[in-house]
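Read through the structure below, which is laid out as structure tokens, and then see the notes.
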Amino acid sequence: MIRAATAADLEAIVAIARRAFVDPWSEAAFASELGNADASVVVTEDLSGFAIVRFLADEAELIDLAVLPERQGRGLGHALLAHVLALAAARGASSMYLEVRATNAPAVALYHRAGFAQVGLRRGYYAHDGADALLMARTLGHVVG
Ligand SMILES: CC(C)(COP(=O)(O)OP(=O)(O)OC[C@H]1O[C@@H](n2cnc3c(N)ncnc32)[C@H](O)[C@@H]1OP(=O)(O)O)[C@@H](O)C(=O)NCCC(=O)NCCS
């Protein structure tokens, strides 16, 4: 249901991001992650969602996660997150971090349910509207689907 993305998925990933975010990354930014040996980009088989995780030393950082609006609320976000948590654990990472807009209730709820806890607050983190970001983290000792 979830697989590693390839260059052929670039267009679909960009399309998901444009529908899911008000400030999506550029196509060039996604292309760069697809070619980054220290990152994993995964997609749902039906190309309705994707997740991107970067690896640095023994830490993993979830840098993007999105599901098409009409496919949200069906467990795809949770499945993508569980998949990258397992990938990170398999790669030997001991923890995963992420930043999320403080007002993004669906995402914050998803992360809490997946075992993340708030470890910091970054005021004014989002440049285009000055919104705060929560810094969240979880250890990867016991990854559950
Ligand atoms: C965040 C996102 C990826 C979640 O994807 P999803 O497929 O809808 O998530 P799931 O269906 O797996 O839902 C998981 C949990 O999220 C929470 N959730 C989902 N939709 C919600 C909503 N509208 N309101 C509140 N919580 C919600 C729930 O806790 C849900 O658990 P439940 O199944 O017990 O209800 C999706 O909402 C999205 O793409 N949002 C826009 C992009 C974005 O903000 N990405 C995160 C950037 S950090």
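Just follow the structure's listing: the first ligand is 1, and inside any ligand the first atom is 1. All values below were derived from every heavy atom in this structure, side-chain atoms included, with hydrogens, water molecules and symmetry-related copies excluded.
Between L65 and ligand 1, at least one N/O pair is under 3.5 Å apart. In terms of polar-atom proximity, defined here as any N/O pair under 3.5 Å, Y111 makes no such contact with ligand 1. An N or O contact shorter than 3.5 Å is missing between V100 and ligand 1 by distance. The shortest N/O to N/O separation between G73 and ligand 1 falls below 3.5 Å. Considering backbone and side-chain N/O atoms, V67 comes within less than 3.5 Å of an N/O atom of ligand 1.
Side-chain atoms of D9 come within 3.5 Å of backbone atoms of T6 as a donor-acceptor pair (strictly under, hydrogens ignored). Listed for the E59 side chain is no donor-acceptor partner under 3.5 Å among the backbone atoms of S95. A distance-only check finds a donor-acceptor pair linking the side chain of T44 to the backbone of G49 [under 3.5 Å]. Between the side chain of D132 and the main chain of G124, a donor-acceptor pair closer than 3.5 Å is present. A donor-acceptor distance shorter than 3.5 angstrom exists from the side chain of Y126 to the backbone of R101, with no hydrogens or angles considered. With hydrogens and angles disregarded, a donor-acceptor distance shorter than 3.5 Å links the side chain of Q118 to the backbone of G120.
Atom 12 (O) of ligand 1 has as its closest protein heavy atom H78 N, 2.8 Å. Given atom 11 (O) of ligand 1, the protein heavy atom at minimum distance is G75 N, 2.6 Å. Here the protein heavy atom with the shortest distance to atom 41 (C) of ligand 1 is A20 O, 3.5 Å. Protein heavy atom at the shortest distance from atom 16 (O) of ligand 1 is P106 O, 3.5 Å. Nearest protein heavy-atom neighbour of atom 40 (N) of ligand 1: Q72 NE2, 3.6 Å. For atom 43 (C) of ligand 1, the nearest non-hydrogen atom of the protein is F21 CE2, 3.5 Å. Taking atom 7 (O) of ligand 1 as the reference point, the nearest protein heavy-atom neighbour is G77 N, 2.8 Å. With respect to atom 28 (C) of ligand 1, the closest heavy atom belonging to the protein is A109 CB, 4.3 Å.
A ring-centre distance under 6.0 Å is found for F50 and F30.
Residue R101 does not touch ligand 1, judged by heavy-atom distances below 4.0 Å. The side chain of N104, and not its backbone, has at least one atom closer than 4.0 Å to an atom of ligand 1 (non-hydrogen atoms only; side chain from C-beta on).
E11 is not listed as a side-chain neighbour of E27, based on a closest heavy-atom distance of 4.5 Å or more.
Dense packing is recorded around CG of L121, with more than 12 heavy atoms of other residues, nucleotides or ligands lying under 6.0 Å away.
Closer than 4.0 Å to atom 24 (N) of ligand 1 lies at least one heavy atom of the protein.
Atoms of ligand 1 lying under 4.0 Å from any heavy atom of R74, numbered from 1 in the order shown and given with element: 11 (O).
Taking CG from L76 and CG from D46, the interatomic distance works out to 6.5 Å, rounded to the nearest 0.5 Å.
Checked against L65 for a side chain to side chain contact (heavy atoms under 4.5 Å, CB included), the options L98, L80, V100, V53 give a single hit: L80.
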